[in-house]
Amino acid sequence: PLVNGRNELLHARYGGVEVCLKRFPVQGDMRAYTREVLRVQRLEHPYIIRYSAAFEDGGNMYLQMDFFAHGSLRHWLVTARPDAAAKRSLLRQVLLAMACIHSQKIVHCDIKGENVLVADDCTPRICDFEMSKDLDAALSSTMAGGTRGFMAPEVVSGQSKPSPASDMFAFGVLVLNTGTFDNKNA
């Protein structure tokens, strides 16, 4: 597996082409995964992941997407050691993708380095829309998803619902985690 978590990301080869497969067990209620696929299909943007296939095999569901040799943004930062200009360029592109997500009235709810893949040309692809919500549903939801260190304090405390603003808070934490704007790069 490329990534282990709630679900696994696997590196595979299909028809001679490298692909990435998101694998998750078939469970009683698969609505969250169906919503994820439908949301991603609504988001046509060069910096947002595209699913090329969905299938079931051996009690697991798979979502097929392009393979990204650089892996996640977090992995790219460690292995490629990009300069500040490359980091800023990639982060601007993440913002463009987030603007597309929010324009479709979707809240990602889990923006973080592990959910941004980096292509060979060092452009990002926001991925993992499993926790995402349609804005109307997010505003009426009693559950907030996300990763604690990236969640806005008001969402963690239950004083506010996930929103584009809470996604932007997560983006701010992402920027800080890239080390793009430390003192030596100012």
Side-chain angles (χ1 to χ4, degrees), residues 1-10 12 14 19-68 71-74 93-117 119 124-152 154-156 158-171 173-174:
L2 299 170
V3 176
N4 270 322
R6 277 187 321 274
N7 307 300
E8 288 182 312
L9 286 182
L10 307 169
Y14 180 74
V19 296
C20 184
L21 299 174
K22 179 177 181 178
R23 176 172 63 186
F24 46 92
V26 173
Q27 304 172 53
D29 187 359
M30 298 296 290
R31 287 181 291 187
Y33 298 107
T34 302
R35 285 190 298 267
E36 175 180 0
V37 170
L38 293 174
R39 282 188 191 109
V40 169
Q41 293 309 98
R42 281 175 31 204
L43 299 169
E44 293 193 30
H45 193 277
Y47 305 136
I48 296 174
I49 198 73
R50 301 295 307 155
Y51 297 133
S52 52
F55 58 94
E56 179 186 358
D57 185 47
N60 291 301
M61 285 296 299
Y62 295 87
L63 297 176
Q64 180 180 308
M65 62 194 92
D66 290 341
F67 175 70
F68 295 91
S72 71
L73 172 58
R74 187 174 185 182
Q93 294 164 343
V94 170
L95 274 177
L96 292 171
M98 289 176 64
C100 174
I101 293 167
H102 296 154
S103 76
Q104 293 298 308
K105 299 194 180 323
I106 296 172
V107 183
H108 188 279
C109 298
D110 203 20
I111 296 290
K112 59 183 180 180
E114 291 83 353
N115 290 340
V116 177
L117 301 176
R125 301 298 184 282
I126 294 180
C127 66
D128 197 355
F129 284 78
E130 185 179 338
M131 291 189 182
S132 68
K133 298 182 183 324
D134 288 314
L135 187 55
D136 293 337
L139 294 175
S140 63
S141 174
T142 57
M143 291 182 53
T147 302
R148 270 218 182 271
F150 290 83
M151 291 172 68
E154 62 274 15
V155 174
V156 172
Q159 295 174 332
S160 184
K161 305 293 184 190
S163 67
S166 60
D167 274 356
M168 291 306 297
F169 178 92
F171 177 77
V173 175
L174 177 68

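Note: hydrogens, waters and symmetry copies are ignored here, and every other heavy atom, side chains too, is used. Just so we're clear, the structure is a prediction, and the values are computed from it rather than from any experiment.
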Is the backbone of [Y] close enough, under 3.5 Å, to the side chain of [X] for a donor and an acceptor to pair up by distance?
| X | Y | result |
| --- | --- | --- |
| R23 | L10 | no |
| R125 | P46 | yes |
| N115 | D110 | yes |

Which pair of heavy atoms, one from [X] and one from [Y], lies closest together, and at what distance?
| X | Y | result |
| --- | --- | --- |
| G113 | S72 | O-CB, 3.5 Å |
| E44 | Q41 | CG-O, 4.1 Å |
| P25 | N60 | CA-OD1, 3.5 Å |
| L9 | C20 | CD2-SG, 3.9 Å |
| F68 | A119 | CD2-CA, 3.5 Å |
| S163 | L135 | CA-CD1, 4.4 Å |

Original post:
Any side-chain donor-acceptor pair under 3.5 Å between S52 and Q64?
Top reply: yes
**OP:** State which residues pass ring-ring contact (aromatic ring centres under 6.0 Å, His included) with F169; sequence neighbours excluded, sorted by chain then number.
**Re:**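 With neighbours one apart ignored, the set is empty.
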**OP:** Among F24, Y62, Y51, find the residue that satisfies the ring pair (Phe, Tyr, Trp, His ring centres under 6.0 Å) test when tested with Y33.
**Re:** F24
Reported [atom1]-to-[atom2] distance for the pair [X] and [Y], which is rounded to 0.5 angstrom:
| X | Y | atom1 | atom2 | value |
| --- | --- | --- | --- | --- |
| Q93 | H45 | CD | NE2 | 9.0 Å |
| R74 | L117 | CZ | CG | 14.0 Å |
| L174 | D167 | CG | CG | 11.5 Å |
| I101 | R42 | CD1 | CZ | 11.0 Å |
| R39 | E130 | CZ | CD | 11.0 Å |

Answer whether the closest heavy-atom distance between the side chains of [X] and [Y] falls below 4.5 Å.
| X | Y | result |
| --- | --- | --- |
| L63 | E36 | yes |
| D134 | I106 | yes |
| F129 | L43 | yes |
| F171 | V116 | no |
| R50 | D66 | no |
| L21 | E8 | no |

**OP:** Have a look at P164 and tell me which of H108, H102, M98 forms a side-chain contact (heavy atoms from CB on, under 4.5 Å) with it.
**Re:** H102
**OP:** Kindly indicate, with the supporting measurements, whether the criterion side-chain contact (heavy atoms from CB on, under 4.5 Å) is fulfilled by L95 and M168.
**Re:** CA-CA 9 Å; L95 274 177; M168 291 306 297; 3.6 Å; yes
Original post:
Thinking salt bridges, do K22 and D128 make one under a 4.0 Å N-O criterion?
Top reply: yes
